[in-house]
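Every value quoted in this text rests on a predicted model; they were computed, and no experiment measured them. Per chain, numbering begins at 1; letters A, B, ... match sequence-line order.
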Amino acid sequence: MNTSEISDPFKKARIENGCGHIEDQNDPATMVLRLKDVRKCAHNWKTFQSGAEPGRIVIPSEVAIRTTRQIPFEVDPPEHKGYRDLVEPWFKRPLDPTYQEKLKVIIDTIIDEVLTKESIEVVGDLSLKLQSRALTLLLNTPFEESERWISWGTHVFRSEDSSLDGDKANILYDYIDEEIDKAIANPGCDLYSVLLASEVNGKKMTKEEVKGVMILTFAGGRDTVINALTNSVAYFAEHPESIQQIKENPEITGKAVEELIRYFSPLTQMGRVATQDATVCEHAVKADTRISLCWASANRDETVFENPNEVVLDRKLNPHIAFGFGTHNCLGATHARQIMNIFLTTIAQKVASIDILEAEENIEDLGDFKRKVGYDSLTVKFNAH
Amino acid sequence: MAKITFITSDNERIELEATSGSVMQLAVDNGVQGIDGDCGGVCSCATCHVHVLPEHVAKTGEASEIENDMLELDDNVSEYSRLCCQLEVSEALDGVVLQVAK
């Protein structure tokens with residue numbers, strides 16, 4: 001059985017070269033593949049900047065479909081700090097037990113529902129729903145808003161036909177504009193209102209800046225969380241003993257979350273733009289060209305991880321960088337970790353086994369490499385105890 | 001039973017006692033400011049960085065290569081830096097004093 005396997009297409013290039021190459025809309029990128037190199041480049045924000053033209057550090061580039069700068073993601077220090085310090089406490093709210101209880105209700109409801117069905121399509125019936133409903137907690141918006149987000153489909157930028165869909169992105173941007181206007185007219189306790197009432201670096205947050213934070217929040221946590229959940233279902237379907245292991249040893253749940261996230265690496269890579277001529281792993285990188293920090297490759301680095309291609313649920317030393325590294329590490333990581341933690345706990349409590357009925361893999365085309373990142377669809381049956 | 005003392009960046013002195021578990025977990029459970037332990041203790045997030053007071057380094061021993069690689073890129077690193085998720089509570093740690101880096 002290997003439906004749930006996520007292979008490592010970078011191994012040969014990582015060992016032999018340390019770098020790969022990806023073409024992307026006439027703006028190619030040098031892919032950095034080894035963990036230590038990725039960390040060093042992520043740390044070096046002066047040479048490898050995020051504050052380039054909006055959309056350019058994303059691969060595939062969103063320059064053609066987005067002008068709004070995502071915040072704090074596409075801002076570098078020192079300005080970055082003011083924005084990050086503003087949003088950080090809000091994005092740490094998932095550590096609050098009340099937040100966790102609400103998240104547990106959302107997850108319990110979904111698992112209870114899928115257990116009654118003969119078969120479900122995990123991406124649409126479970127992962128997208130769970131991600132969207134959980135997002136209402138993160139934004140502190142009414143639960144009903146999730147219905148609209150669910151109707152958008154799995155990726156706000158990606159459609160069936162092309163990896164970059166400007167029309168679909170506009171749905172999100174128009175929606176966020178509307179919500180910002182609503183929050184201006186009727187301020188509440190949601191993230192929009194909190195941001196609109198805030199000052200950063202001595203200046204009131206503008207509508208455009210608020211929009212930048214909101215786009216990041218919607219886009220960054222959408223298909224990443226969906227893939228993490230769907231891939232977990234596939235993994236547990238093929239490893240019922242792992243469900244049992246977590247059930248019998250609930251104290252390993254946190255380690256299991258980190259290990260699954262390392263193994264899945266739901267975000268394959270993130271770009272940076274070189275501000276000067278530089279060298280990465282003995283490869284020349286010219287000023288104003290892009291590098292990619294390939295988290296997915298780094299997380300299988302055989303010089304760091306023992307048995308990198310195996311899921312070892314209670315892996316003790318796990319210095320993965322699936323949530324990035326350094327200044328720009330994932331703002332949504334606390335929320336994502338809580339979702340995964342409660343999801344694993346709930347599966348261990350309620351689910352005996354899962355049968356895979358049909359699976360269609362989602363393969364990213366990365367130039368030199370093809371990488372499975374999740375599923376376009378995954379049909380399964382959940383079996384209760 | 002080991003007594004472990006944290007000094008936060010606000011110079012607050014917090015003395016705790018424990019018999020097992022990681023020093024990071026002890027700090028998180030007791031709300032020590034500056035110790036977040038985001039990754040739960042698998043050496044992935046570097047949010048549990050402490051400086052061991054020099055007179056106590058014999059108690060903690062040395063960091064592993066993986067831990068050192070994490071610390072190397074931290075802004076506030078010193079030769080006394082440790083990620084306290086990698087410090088297991090034991091009698092050997094009794095009396096140790098840790099300055100929280102963040």
Side-chain angles (χ1 to χ4, degrees), chain A residues 34-45 77 81 88-89 91-92 94-95 251-262 265 295 298-299 301 303-306 312-327 329-338 340-341 344, chain B residues 6 8-10 18-50 60-78 81-90 93 100-102:
Chain A
R34 295 175 184 162
L35 185 128
K36 282 186 193 181
D37 291 329
V38 174
R39 271 205 200 134
K40 272 184 198 151
C41 293
H43 180 69
N44 186 1
W45 51 265
K81 187 176 187 304
E88 186 94 22
F91 282 84
K92 291 271 184 190
L95 294 175
E251 73 281 359
I252 70 159
T253 311
K255 290 191 175 73
V257 168
E258 298 303 317
E259 174 66 348
L260 290 174
I261 289 174
R262 174 192 75 86
S265 293
W295 320 118
N299 286 339
D301 191 326
T303 67
V304 178
F305 300 98
E306 266 177 55
V312 181
L313 280 187
D314 58 354
R315 196 182 281 271
K316 282 171 193 65
L317 268 180
N318 194 348
H320 72 80
I321 47 175
F323 289 117
F325 183 80
T327 318
N329 66 1
C330 177
L331 184 59
T334 312
H335 179 70
R337 283 178 161 125
Q338 282 304 328
M340 283 292 282
N341 203 298
L344 264 53
Chain B
F6 296 90
T8 69
S9 53
D10 295 343
T19 48
S20 64
S22 81
V23 172
M24 179 279 289
Q25 201 56 52
L26 180 70
V28 169
D29 291 345
N30 289 278
V32 175
Q33 191 198 328
I35 304 286
D36 293 341
D38 287 348
C39 76
V42 297
C43 206
S44 161
C45 70
T47 62
C48 64
H49 182 183
V50 295
T60 58
E62 299 210 342
S64 69
E65 189 188 343
I66 281 179
E67 186 184 336
N68 273 328
D69 286 344
M70 287 292 290
L71 285 164
E72 183 191 32
L73 296 176
D74 201 287
D75 294 331
N76 194 10
V77 71
S78 77
S81 285
R82 292 298 306 268
L83 295 175
C84 66
C85 69
Q86 299 304 306
L87 299 177
E88 277 295 314
V89 174
S90 73
L93 278 188
V100 179
K102 193 179 149 196

Requested in this report: Pick one of side chain, backbone, both or neither for B:E67, based on which atoms fall under 4.5 Å of a heavy atom in chain A.
Outcome: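 It is neither, since no heavy atom gets under 4.5 Å.
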Query - Top of A:R315, A:R39, A:K92, A:K36 for chain B proximity - count of heavy-atom pairs under 4.5 angstrom - result: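 Result: the option with the highest number of such pairs is A:R39.
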Requested in this report: Specify which of A:H43, A:K255, A:R262 makes the most heavy-atom pairs with chain B at under 4.5 Å.
Outcome: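 Top count of heavy-atom pairs under 4.5 Å with chain B: A:H43.
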Report task. Taking all heavy atoms of B:I66 and all of A:V304, pick out the closest pair and write down the distance. Result ->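 Here B:I66 and A:V304 meet closest at CD1-O, 3.8 Å.
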Report task. Taking all non-hydrogen atoms of both residues into account, name the closest pair between A:H320 and B:S44 and its distance. Result ->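 Smallest interatomic distance, heavy atoms only, reads O-OG, 3.0 Å.
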Is there a side-chain contact between [X] and [Y] in this structure, where contact means two heavy atoms from C-beta onward sitting under 4.5 Å apart?
X	Y	result
A:E258	B:D38	no
B:L73	A:F325	yes
A:E259	B:V42	no

Query raised in the report: Of the backbone (N, CA, C, O) and the side chain (C-beta and beyond), which part of A:R337 lies under 4.5 Å from a heavy atom of chain B, both, or neither?
Result: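 For A:R337, the side chain is the part near chain B, not the backbone.
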Report task. Heavy-atom distances under 4.5 Å only: say whether A:K316 touches chain B with side chain, backbone, both or neither. Result ->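 It is the backbone, since no side chain atom gets that close.
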Report task. Drop me the distance from A:N318's CG to B:C45's SG, to the nearest 0.5 angstrom. Result ->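 Separation between the atoms: 11.5 Å.
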Report task. Supply the atom-to-atom distance A:T303 OG1 to B:E65 CD, rounded to the nearest 0.5 angstrom. Result ->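 So the gap between those two atoms works out to 8.5 Å.
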**Report entry** A:E306 atom CD: more than 12 heavy-atom contacts under 6.0 Å
**Finding:**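 Open: at most 12 neighbouring heavy atoms sit under 6.0 Å from CD of A:E306.
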Query - A:K40 with B:D69: basic N within carboxylate O range, under 4.0 Å - result: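 Looking at B:D69 together with A:K40, the answer is no, because their closest N to O distance does not fall below 4.0 Å.
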